[in-house]
Amino acid sequence: MYSLNVELPVSSYPIYIKKGLLDEIGSEIKKIYQNKKIVIITDSNIENFYGEKIEASLAKEGFSVNKIVLQPGEKNKSFEILQRVCNSVLEFGLNRSDLIIAFGGGVIGDLAGFAASILFRGIPFIQVPTSLLAQIDSSIGGKVAINSTYGKNLIGSFYQPKAVFIDPNLLLTLSDRYFNDGMAEVIKYGAISDKSLFNKLLEINSKDEFFQTAEQTIFTCCSIKKNLVEIDEKDNGPRMLLNFGHTIGHAIEKIFNYEGITHGEAVAIGMYIITKNSEYLGITQKGTTNLIKEILSKYNLPYELPNINETEVLKNIKLDKKNSNNGIHIILINSIGDGFIKKIDLVELSKFTNLNPL
Ligand SMILES: NC(=O)c1ccc[n+]([C@@H]2O[C@H](COP(=O)([O-])OP(=O)(O)OC[C@H]3O[C@@H](n4cnc5c(N)ncnc54)[C@H](O)[C@@H]3O)[C@@H](O)[C@H]2O)c1
Ligand SMILES: [Zn+2]
């Protein structure tokens with residue numbers, strides 16, 4: 001079993017990665033949780049594939065389990081569903097030392113984690129991430145949130161799980177589109193801080209090949225995130241490196257109104273465009289943009305959009321609440337595996353969002 005520990009000033013927690021871990025989840029949880037009651041929050045896709053399995057494993061250890069099964073999709077990250085989830089947890093009679101399990105992709109993790117952070121001013125929760133994106137990114141680091149009509153993830157908190165249990169076998173039922181979506185973030189980790197990961201992804205020729213070393217790859221990604229979270233939990237400094245491709249990516253998602261394009265696809269385009277510009281400006285090593293294009297194409301990810309309007313992209317970046325009036329942090333790479341944060345004036349931004357710099 002691969003494992004690592006996220007060490008933070010107020011809490012530290014383990015991440016375990018092992019194929020088949022779901023079958024042992026009951027006995028693993030027994031080691032860290034002494035009460036009986038557990039509420040699992042999940043969506044109907046995951047429930048159909050794995051609902052019985054997780055319940056059986058927990059029941060075997062004598063836990064009393066209730067389940068909240070939601071419709072799949074981003075719409076769950078709303079006040080309405082949050083309220084419903086909180087009420088169900090209370091109805092099941094949990095108290096502040098009982099346990100919530102977030103069993104799903106990033107949507108379930110963000111929603112269940114946020115519910116856990118506000119129920120009884122904080123009830124313990126465990127992440128059992130099921131999508132590739134959740135296994136390498138959203139289940140780690142404690143960012144939990146719902147969306148507002150003013151934007152995504154604007155209502156939330158930093159609330160760390162008690163543990164993260166990752167079973168890469170669960171990815172076998174993930175659709176190709178969501179698999180590739182998560183791959184965009186795996187590629188991002190390689191691009192900003194691990195050239196050998198990037199090269200390994202370039203060499204892989206099929207999903208089967210990815211699975212052969214999935215535990216190791218997931219471990220590598222979690223380690224990169226863990227290190228950044230430990231030095232900058234609240235995301236004001238080095239953790240921002242994880243936003244490579246996201247400044248433009250978020251603007252694209254917004255232009256699409258979060259429909260018809262996945263987060264990973266938007267980030268893929270963002271990584272390509274910003275690197276193309278920084279290479280043109282002489283910041284990034286020549287040839288890097290082509291490597292990014294090659295790797296994105298390999299995982300069926302887009303690197304450009306035919307009808308995108310540059311002015312719209314710029315407008316949406318400037319509207320982003322995270323940017324202050326006097327500047328914006330953008331993430332660039334010197335070369336593959338070597339990312340850095342650059343603070344620029346908003347007036348300089350267009351130099352990095354030019355869709356056709358060459
Ligand atoms: N908290 C963070 O740090 C963080 C980081 C990145 C993204 N996010 C959030 O994560 C969300 C996106 O996460 P996501 O891409 O996992 O979306 P998701 O949770 O909607 O899952 C994607 C789809 O895959 C299905 N699915 C998940 N696991 C499956 C499996 N093993 N087999 C079959 N189907 C499965 C789901 O039912 C869903 O339809 C966004 O809301 C985003 O804001 C949060
Ligand atoms: Zn992302």
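When a ligand or atom number is given, it counts from 1 through the structure's own listing order.
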Review point. Do any N/O atoms on G73 end up under 3.5 angstrom from N/O atoms on ligand 1?
Key: no

Check your understanding: Any idea which of K77, E47, E74 brings a heavy atom closest to atom 43 (O) of ligand 1?
Key -> K77

Practice item. Indicate, as side chain, backbone, both or neither, the part of N45 found under 4.0 angstrom from ligand 1 when only non-hydrogen atoms are considered. Key: side chain

Point to revise | Geometric class of the F219/Y2 ring pair [parallel <30°, tilted 30-60°, perpendicular >60°] | key: tilted

Review point. Is K37 close enough and on-axis enough to F92, meaning under 6.0 Å and within 45°, for cation-pi?
Key: no

Exercise for review: Below 4.0 angstrom from a heavy atom of D181, which ligand 1 atoms are there? Numbered from 1 as shown, please.
Suggested key: 15 (O)

Study note, to complete from the structure: Interatomic distance, CD1@I15 vs OG@S139, rounded to 0.5 Å, equals 6.5 Å

**Study point:** Check ion pair D235-K143 (N to O, under 4.0 angstrom)
**Key:** yes

Review point. Less than 3.5 Å between some nitrogen or oxygen of Y50 and one of ligand 1, yes or no?
Key: no

Point to revise | the Zn ion (ligand 2) neighbourhood, protein N/O/S only, threshold under 2.8 Å | key: E185 OE2, H246 NE2, H263 NE2

Point to revise | N257-E259 side chain donor-acceptor pair, cut-off 3.5 Å | key: no

Review point. With a 4.0 Å cut-off, would you call E203 and K200 a salt bridge?
Key: no

**Study point:** Close approach of Q127 to ligand 1, heavy atoms, under 4.0 angstrom
**Key:** no

Point to revise | Structural part of K225 in contact with ligand 1, heavy atom criterion under 4.0 angstrom | key: side chain

Review point. Is a side-chain donor-acceptor pair under 3.5 Å present for T42 with K67?
Key: no

Study note, to complete from the structure: Residues at least two apart in sequence or cross-chain that pass salt bridge (charged side-chain N to carboxylate O under 4.0 Å, His left out) with E215, listed by chain then number, are none

Review point. Any nitrogen or oxygen of L170, main chain or side chain, under 3.5 Å from a nitrogen or oxygen of ligand 1?
Key: yes

Check your understanding: What part of P72, side chain, backbone, both or neither, has a heavy atom within less than 4.0 angstrom of ligand 1?
Key -> side chain

Practice item. Verify, without hydrogens or angle tests, whether N147 (side chain) and N153 (backbone) share a donor-acceptor contact under 3.5 angstrom. Key: yes

**Study point:** Candidate with minimal heavy-atom separation from atom 18 (P) of ligand 1, of L174, N147, V107, D235
**Key:** V107

Check your understanding: Side chain, backbone, both or neither: which part of D110 has a heavy atom under 4.0 Å from ligand 1?
Key -> side chain

Exercise for review: Could you establish whether K152 and ligand 1 come within less than 4.0 Å of each other, counting only heavy atoms on the residue side?
Suggested key: yes

Revision key, fill the gap. Residue, atom and distance of the protein heavy atom nearest atom 27 (C) of ligand 1 read T130 OG1, 3.4 Å

Point to revise | Inter- and intrachain pairs under side chain to side chain donor-acceptor pair (under 3.5 Å), touching residues 154-167, at least two apart | key: Y13-Q160, S117-S157, Q160-E233

Practice item. Determine, step by step, whether I100 and I38 satisfy the side chain to side chain contact (heavy atoms under 4.5 Å, CB included) criterion, reporting the C-alpha distance in whole Å, the side-chain angles of both residues, the deciding distance to 0.1 Å, and the verdict. Key: CA-CA 6 Å; I100 288 178; I38 294 178; over 6 Å; no

Point to revise | Geometric cation-pi criterion K207 and F179, 6.0 Å radius, 45° cone | key: yes

Exercise for review: Under 4.0 Å from a heavy atom of D43: give me the atoms of ligand 1 that qualify, with their elements.
Suggested key: 36 (C), 37 (O)

Study note, to complete from the structure: Short version for N153: what comes under 4.0 Å of ligand 1, heavy atoms counted, is side chain

Practice item. Can you tell me which residue pairs pass the side chain to side chain donor-acceptor pair (under 3.5 Å) test with a partner in residues 292-304, sequence neighbours excluded? Key: N205-K298

